[in-house]
Q: 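Dropping the structure in here first, questions after.
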Amino acid sequence: MSATSQPHGGRPPLVVKIGGAAGVDLDNVCADVAELARRGERVVVVNGGSEAGDGLLKALSMERPEAMTASGNVVRLTNAATLRVLTMAWVGDVNKRAVVALLTKGVSGLGLCGADGRVLLARRRPPLKVQDGERTRIDREHLAGEITEVNTRLLGLLLEQGHVPVVCPPAVTEDGTLVNVDADQAAASVATALGARALVMLSNVPGLLEDPKNPATLVRWSDDLGRAMELAGGRMRYKMEAARRALTGGVPVVHVSASRNPRPVLSALTGEAGTKLTLPQAVVDAGA
C-alpha cells in the first residue's frame with residue numbers, strides 16, 4: 001500500500017479504532033482521545049458502525065442480502081442501495097457522534113469518510129461467483145474494495161493544525177465509486193501509512209480470549225500471530241487480520257481491548273487491560 005506523503009515532525013501518531021458493534025462505549029473512548037490530544041498527542045480515530053448500519057436498514061425495512069460463494073464462504077453483499085443506507089449510518093450518525101463527543105470535551109474532531117479528500121483510496125474487488133441453488137452466477141453489483149492508499153498528506157495537515165481526524169468507510173476508487181471496506185482494515189491501513197507508534201482497537205470484548213465464553217482466559221500478550229488467529233473466532237478474526245496487517249506494515253504494537261474499560265485507550269497502552277500484540281523480537285530485529 002502506498003501513501004501520498006508522511007506527516008512531518010513530532011512523535012508518531014496513535015490510531016484508535018472504535019468498533020461499531022452493540023455495546024461499544026463511544027463516549028468513553030472519546031474522553032481518552034480528548035485527553036491524549038490535550039496532552040499534545042497526535043491521534044487519528046477510525047470508526048466502524050455495524051450496529052448503526054444494521055439498525056437503519058431494519059428501520060427502512062431493508063435487508064442486507066447474503067450469498068454463498070463458489071468456495072463455500074457466506075458473504076454479506078453490498079449493493080448500491082445498501083451502501084447508501086450504510087453510508088448514512090457510518091458517516092451521518094456514528095462518525096458525527098464521535099466528532100461531537102470530542103468537541104464537547106474541548107477537542108476539535110474533524111469527520112471524514114474515505115471519499116473526503118480521497119483519504120481512503122481503494123481498489124474494487126472483482127465480481128463474485130455465488131451459488132444460486134445448484135447454479136453458479138456472477139454478482140457484478142457487489143460494492144466492496146481493498147484499501148490501496150491513504151492520503152497521509154491530508155491527515156498530516158489536520159494533525160499539525162491540532163485536529164483529531166475521525167475517519168470511516170466507505171472508501172473511494174480511482175474512478176469515484178464508493179466501496180465498502182472493513183473498518184478494522186481501514187484502521188490498520190491508516191496506522192501503517194502514518195507510521196503510527198501504536199494501533200488501539202476497542203470493541204465490546206475484553207481482547208483475545210483462549211475461551212471466547214470466559215473473560216478470565218484473556219491473552220495479555222502474544223507475539224505469535226498464527227496462534228492468535230487459531231484462538232480468534234467470529235469478528236475477532238477480522239481484528240487479528242488487521243493486527244497482522246499493521247504489525248507487518250511497521251506498526252510496533254497493536255492493542256485489542258474493551259471500550260467500556262475505565263480509561264480504555266490509556267489502560268490498553270499501559271498494558272493494564274486488553275491484549276497486546278507484537279511481532280517476535282527476531283522478526284523486529286531483522287527488519288531494523
Side-chain angles (χ1 to χ4, degrees), residues 16-30 45-69 72-101 111-116 120 122 124-125 128 130-132 139 141-147 166-172 177-190 201-207 209 212-213 232-242 256-260 264:
V16 176
K17 162 64 175 22
I18 306 177
V24 170
D25 193 333
L26 184 148
D27 284 339
N28 195 36
V29 177
C30 287
V45 172
V46 177
N47 72 269
S50 54
E51 181 192 26
D54 289 344
L56 186 54
L57 284 168
K58 184 177 180 180
L60 294 172
S61 300
M62 295 174 64
E63 292 186 358
R64 191 167 176 188
E66 293 186 347
M68 179 175 290
T69 66
N73 295 320
V74 176
V75 296
R76 301 185 78 189
L77 300 176
T78 306
N79 57 33
T82 301
L83 187 57
R84 280 195 294 271
V85 175
L86 294 176
T87 299
M88 292 180 213
W90 299 334
V91 184
D93 179 10
V94 183
N95 185 269
K96 297 316 168 210
R97 281 196 280 121
V99 168
V100 170
L112 303 162
C113 82
D116 296 315
L120 298 177
R124 186 175 174 180
R125 289 178 182 167
L128 280 174
V130 299
Q131 290 298 122
D132 191 355
D139 187 317
E141 305 302 317
H142 186 44
L143 292 169
E146 297 286 344
I147 295 171
V166 184
V167 182
C168 70
V172 68
T177 301
L178 290 178
V179 290
N180 185 8
V181 293
D182 180 72
D184 290 329
Q185 290 290 334
S189 296
V190 170
M201 307 176 75
L202 299 167
S203 65
N204 59 354
V205 294
L209 304 175
K213 298 180 180 179
R235 187 66 216 178
M236 185 57 67
R237 291 188 63 84
Y238 290 89
K239 298 191 184 305
M240 292 301 104
E241 287 288 0
V256 180
S257 193
S259 66
R260 290 190 177 274

Q: For A80, give me all partners under side-chain contact (heavy atoms from CB on, under 4.5 Å), at least two apart in sequence or on another chain.
A: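 Once residues adjacent in sequence are excluded, the partners of A80 under the side-chain contact (heavy atoms from CB on, under 4.5 Å) criterion are R84, L143.
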Q: If I compare all heavy atoms of D27 with all of A101, which pair ends up nearest, and what's the gap?
A: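 Shortest heavy-atom contact: OD1-CB, 3.4 Å.
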Q: Of the options V166, V45, V94, which is the one that meets I18 in a side-chain contact (heavy atoms from CB on, under 4.5 Å)?
A: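 That would be V45.
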Q: Measure across A258 and P264 and return the closest heavy-atom pair with its distance rounded to 0.1 Å.
A: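 The answer is O-CB, 3.6 Å.
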Q: Counting only heavy atoms not in E141, do more than 12 sit closer than 6.0 Å to its CD atom?
A: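 12 or below, so no.
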Q: Under the rule for side-chain contact (heavy atoms from CB on, under 4.5 Å), what residues qualify as partners of A21, not counting sequence neighbours?
A: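 In terms of side-chain contact (heavy atoms from CB on, under 4.5 Å), with neighbours along the sequence ignored, A21 is linked to S50, N204.
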Q: Who pairs with E63 by side-chain contact (heavy atoms from CB on, under 4.5 Å), at least two apart in sequence or on another chain?
A: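 None.
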Q: For residues 88-97, which residue pairs pass the side-chain hydrogen bond (donor to acceptor under 3.5 Å, both in side chains) check, not counting sequence neighbours?
A: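 Passing the test, one end in residues 88-97: N47-N95, D93-R97.
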Q: Which heavy atom in A242 sits nearest to a heavy atom in M201, and how many Å separate them?
A: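 Looking at all heavy atoms of both residues, the closest pair is CB-CE, 3.9 Å.
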Q: I'd like to check the side-chain contact (heavy atoms from CB on, under 4.5 Å) partners of V91; sequence neighbours left out, ordered by chain and number.
A: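 V91 satisfies side-chain contact (heavy atoms from CB on, under 4.5 Å) with T87, C113, C168, P170 only.
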Q: For residues 177-186, which side-chain N or O atoms pair as donor and acceptor with protein atoms under 3.5 Å away, sequence neighbours left out?
A:
{"from": "T177", "atom 1": "OG1", "to": "D175", "atom 2": "OD1", "distance (Å)": "3.0"}
{"from": "N180", "atom 1": "ND2", "to": "T78", "atom 2": "OG1", "distance (Å)": "3.3"}
{"from": "D182", "atom 1": "OD1", "to": "R235", "atom 2": "NH1", "distance (Å)": "3.4"}
{"from": "D182", "atom 1": "OD1", "to": "R235", "atom 2": "NH2", "distance (Å)": "2.5"}
{"from": "D182", "atom 1": "OD2", "to": "D184", "atom 2": "N", "distance (Å)": "3.1"}
{"from": "D182", "atom 1": "OD2", "to": "Q185", "atom 2": "N", "distance (Å)": "2.9"}
{"from": "D184", "atom 1": "OD1", "to": "K17", "atom 2": "NZ", "distance (Å)": "2.8"}
{"from": "D184", "atom 1": "OD1", "to": "K239", "atom 2": "NZ", "distance (Å)": "3.3"}
{"from": "D184", "atom 1": "OD2", "to": "R235", "atom 2": "NH2", "distance (Å)": "2.9"}
{"from": "D184", "atom 1": "OD2", "to": "K239", "atom 2": "NZ", "distance (Å)": "3.3"}
{"from": "Q185", "atom 1": "OE1", "to": "R245", "atom 2": "NH1", "distance (Å)": "3.0"}

Q: Can you list the steps and then say if L209 with M236 is a side chain to side chain contact (heavy atoms under 4.5 Å, CB included)?
A: CA-CA 9 Å; L209 304 175; M236 185 57 67; over 6 Å; no
Q: So which heavy atom on V256 is nearest to which on M240, and how close?
A: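 Closest heavy-atom pair between V256 and M240: CG2-CE, 3.9 Å.
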Q: Roughly how far, to the nearest 0.5 Å, is the CG atom of L83 from the CE atom of M88?
A: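 Going from CE on M88 over to CG on L83, the span is 10.0 Å.
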Q: Would a 4.5 Å heavy-atom cut-off, applied to side chains only, mark L120 and V190 as touching?
A: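 L120 reaches V190 side chain to side chain.
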Q: Kindly give the heavy-atom pair with the smallest separation between V24 and S203, and that separation in Å.
A: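 Looking at all heavy atoms of both residues, the shortest contact is CG2-C, 3.9 Å.
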Q: Heavy atoms, side chains only, cut-off 4.5 Å: are L86 and R64 in contact?
A: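 Contact flag for L86/R64 side chains = yes.
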Q: Ignoring hydrogens and geometry, is there a side-chain-to-backbone donor-acceptor pair from D25 to S259 under 3.5 Å?
A: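 No, the answer is negative, given that no donor and acceptor are paired below the 3.5 Å cut-off.
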Q: Please report the interatomic distance CG(N28) to CG(L202), rounded to the nearest 0.5 Å.
A: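 Answer for the CG-CG pair, N28 versus L202, is 9.0 Å.
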Q: With a 4.5 Å limit on heavy-atom distance, are the side chains of N79 and T82 in contact?
A: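 Yes. Closest side-chain heavy atoms under 4.5 Å.
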